[in-house]
Amino acid sequence: MATMESLIGLVNRIQRACTALGDYGGGDSSLSSLWDALPSVAVVGGQSSGKSSVLESIVGRDFLPRGSGIVTRRPLVLQLYQTEGRQEEYAEFGHLPRRKFTDFSLVRKEIQDETDRITGKTKQISPVPIHLSIYSPKVVNLTLIDLPGLTKVAVEGQSESIVEDIENMVRLYVEKPNSIILAISPANQDIATSDAIKLAKEVDPTGERTFGVLTKLDLMDKGTNALDVLEGRAYRLQHPWVGIVNRSQADINKNTDMMYARRREREYFATSPDYGHLANKMGSEYLAKLLSQHLEKVIKAKIPGITSLINKGIEEMEAELDRLGRPIAVDAGAQLYTILELCRAFDKIFKEHLDGGRPGGDRIYGVFDNQLPAALRKLPFDRHLSLQNVRKIVSEADGYQPHLIAPEQGYRRLIEGSLNFFRGPAEASVDAVHFVLKELVRKSIGETEELRRFPTLQSALAAAAGEALEKFRDESKKTVVRLVDMESSYLTVDFFRKLPQEVERVGPAAPPPGDRRTSSADRKNPPSERGIPAADRANPVDPLGDRYGDNHFRRIGSNVSSYIGMVSDTLRHTIPKAVVYCQVKEAKQNLLNYFYTQIGKKEAKQLAELLDEDPSLMSKRLDIAKRLDLYKVSRDEIESVSWAR
């Protein structure tokens, strides 16, 4: 059989743990609030309704701050534990767990000091509760939440919204379906004007969760009584009304013993001609037992719902921790393993971009299929192979002795000068692919979910990948420039050997029919005419004409243009091969090789720095992890209590 102590004590422990984690209900957290699901007794009353006196009567100790205006400015979660025998009474605060208070005047002072710690010396309020546990043989097992007294007017030093702020805070507690409302009203005022009853009626119109308490019965005008209220005729509740006789202000000033006050209360009801027939259901002792029994009953009824909420919360928090990432181990080996796993995750996404699994790699093909051919078409061969420039270069190449048959030096200078133009498009292709690869690295880092929590590692990865891509670019540039230089270093002799035959047979500088590298574009626009101004192409060349006249130089320009066209077609295919081999393939295979080598040499402290997370993310994960532990412990304890029942 589960005892009342085990049930109420379990809820008390969970409440304290919730408060320590910042869960005290009414928050806007995306996670479920366990505090809101826990049954508790919320003590509600207007200022000067005798609320503090009722709580002190239940405890049997004078321990609450007193004064004018709003004295209770933070919720006080009062947890009572009944001890056996003549054990010494003592109190403990949730924020001072290892300190026992046996002097209850110091308890009062600590409540005041802890209130001021959050609210300052002002008269403002705070929703953050104070947890106070009292262990005594004179109490029953019970949890009460003392809330700020409802007020109608803001006093000096308070904000204009204080009335609304207090009511909103009280509502947060009494609106919960698992909350038991202890509505305290003074008997010497009309019950219709009671702030506590008015609020209770709004949130609990059927009265199923409300216990009514009438204080100050001994201060009513002579000849009057509160039987209409106590017997449920003036305002009916599902639970019986309880009358209380508090200590008078004179008793409080004289520090009248609380046990003596309890005896005097019992005598008052036993000897009262108005309330004598209700004496066994009146007084603070009866009220405490009634509330304790009802709280246990509610807890038993709510355990399945609380268990369901805890299981849901565990699922939510485990999913959130998976999203945020689990905590990182502290030893260097585990940290190195984590870094390498994160790098592999990034590398996998990067390769997917290149291979087509993700968008972006197609931009590299766009460089080869669009940008490179367009750049080759824009090369200034018209200007370089114009009649005037050909004459100038060939004449300069001859020096003081004009060429006899074919101006070989002139040909070579014209070809070398033309081939130099290919360096620009070749290097531009390398740079364009480099830019695409850098963008893909940036995108891949951003798309690697596991990396998002490690900004330092992201930066290190980006820097290492950028450094590797720079090396690949340098090697690629050397290779494509080498391709251009190779064309300059050794000309295709067969092309020129066939030129005289072609001139005699079909006219000037027709493309060699056996040259398979002649493209379809060349057949539409013969290489012999590329680079020759239209005006020059209008006049056919006479192969037997003056070898030193304009037609001779036009034929030289046309021949060079044909050769350059052939080289252009060659480079248009070999440059992409070199770029892919030197940059794309290397990036796929060796992007992080140097980074891996450097990582293996780092000390534990340096590895930890790479895994240094965003502080707010670390704090959030720690909070969720602590709350998850609380939920799991709570689930286990509730299950053990449930089985005991």
Side-chain angles (χ1 to χ4, degrees), residues 25-26 35-55 58 70 72 75-76 125 127 142-154 161-217 219-220 224-244 246 278 281-282 284 286-288 290-291 293-295 297-298 301-302:
W35 173 283
D36 284 341
L38 299 173
S40 57
V41 180
V43 184
V44 183
Q47 287 186 28
S48 303
S49 63
K51 189 161 55 72
S52 296
S53 294
V54 171
L55 293 174
I58 290 174
I70 302 174
T72 304
L76 176 67
I125 61 172
L142 182 61
T143 300
L144 301 159
I145 303 178
D146 184 22
L147 297 167
L150 298 166
T151 185
K152 291 183 172 63
V153 180
S161 63
I162 191 68
V163 175
E164 183 180 354
D165 293 343
I166 291 176
E167 183 175 333
N168 290 339
M169 183 195 298
V170 173
R171 281 182 182 275
L172 286 177
Y173 284 86
V174 300
E175 282 179 340
K176 296 185 299 180
N178 291 350
S179 175
I180 300 165
I181 304 169
L182 187 63
I184 297 178
S185 306
N188 57 354
Q189 294 180 12
D190 187 352
I191 194 67
T193 64
S194 169
D195 295 323
I197 292 298
K198 176 177 176 291
L199 183 59
K201 188 175 181 180
E202 291 178 9
V203 299
D204 180 32
T206 62
E208 294 179 356
R209 300 189 287 115
T210 304
F211 284 81
V213 175
L214 271 186
T215 63
K216 304 182 180 182
L217 289 169
L219 300 182
M220 295 183 70
T224 62
N225 60 52
L227 285 177
D228 282 350
V229 177
L230 293 175
E231 292 178 347
R233 292 188 294 273
Y235 184 76
R236 180 173 294 279
L237 297 171
Q238 299 292 328
H239 306 286
W241 282 81
V242 178
I244 299 290
N246 300 327
L278 299 174
K281 294 184 179 179
M282 295 288 124
S284 55
Y286 172 76
L287 175 64
L290 179 67
L291 291 174
Q293 292 168 0
H294 184 72
L295 180 58
K297 180 181 176 182
V298 171
K302 299 295 183 181

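The structure presented is a predicted model; accordingly, all values stated were derived computationally and were not measured. Note that these values count all heavy atoms, side chains included, but never hydrogens, waters or copies made by symmetry.
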Mind checking the [atom1]-[atom2] spacing from [X] to [Y]? Nearest 0.5 Å is all I need.
X      : Y      : atom1 : atom2 : result
Leu144 : Leu295 : CG    : CG    : 8.5 Å
Lys216 : Ser48  : NZ    : OG    : 5.5 Å
Leu214 : Leu227 : CG    : CG    : 10.5 Å
Leu278 : Glu231 : CG    : CD    : 5.5 Å
Leu182 : Ile58  : CG    : CD1   : 6.5 Å
Leu291 : Leu142 : CG    : CG    : 5.5 Å

Which pair of heavy atoms, one from [X] and one from [Y], lies closest together, and at what distance?
X      : Y      : value
Lys176 : Ser40  : NZ-OG, 4.3 Å
Leu147 : Lys51  : O-NZ, 2.7 Å
Ala226 : Leu217 : CB-CD2, 3.7 Å
Ile184 : Ala196 : O-CB, 3.6 Å
Trp241 : Ile197 : CH2-CD1, 3.5 Å
Pro240 : Tyr286 : CG-OH, 4.5 Å

Is the backbone N or O of [Y] less than 3.5 Å from a side-chain atom of [X], with the two atoms forming a donor-acceptor pair by type?
X      : Y      : value
Thr215 : Ser49  : yes
Asp228 : Arg233 : no
Ser185 : Ile191 : no
Thr193 : Asp190 : yes
Asn188 : Leu219 : no
Asp204 : Arg209 : yes

Would you call [X] and [Y] a side-chain contact if the rule is heavy atoms closer than 4.5 Å?
X      : Y      : answer
Leu230 : Met282 : yes
Val298 : Asn178 : no
Leu199 : Asp195 : no
Ile166 : Leu150 : yes
Thr143 : Leu38  : no

_Which label fits Phe211 and His294: parallel for a plane angle under 30°, tilted from 30 to 60°, or perpendicular past 60°?_
perpendicular

*Using a cut-off of 6.0 Å, state whether more than 12 heavy atoms not belonging to Glu202 lie near its atom CD.*
yes

*Hey, mind stepping through Leu287 and Val54 against side chain to side chain contact (heavy atoms under 4.5 Å, CB included) and telling me if it holds?*
CA-CA 9 Å; Leu287 175 64; Val54 171; 4.0 Å; yes

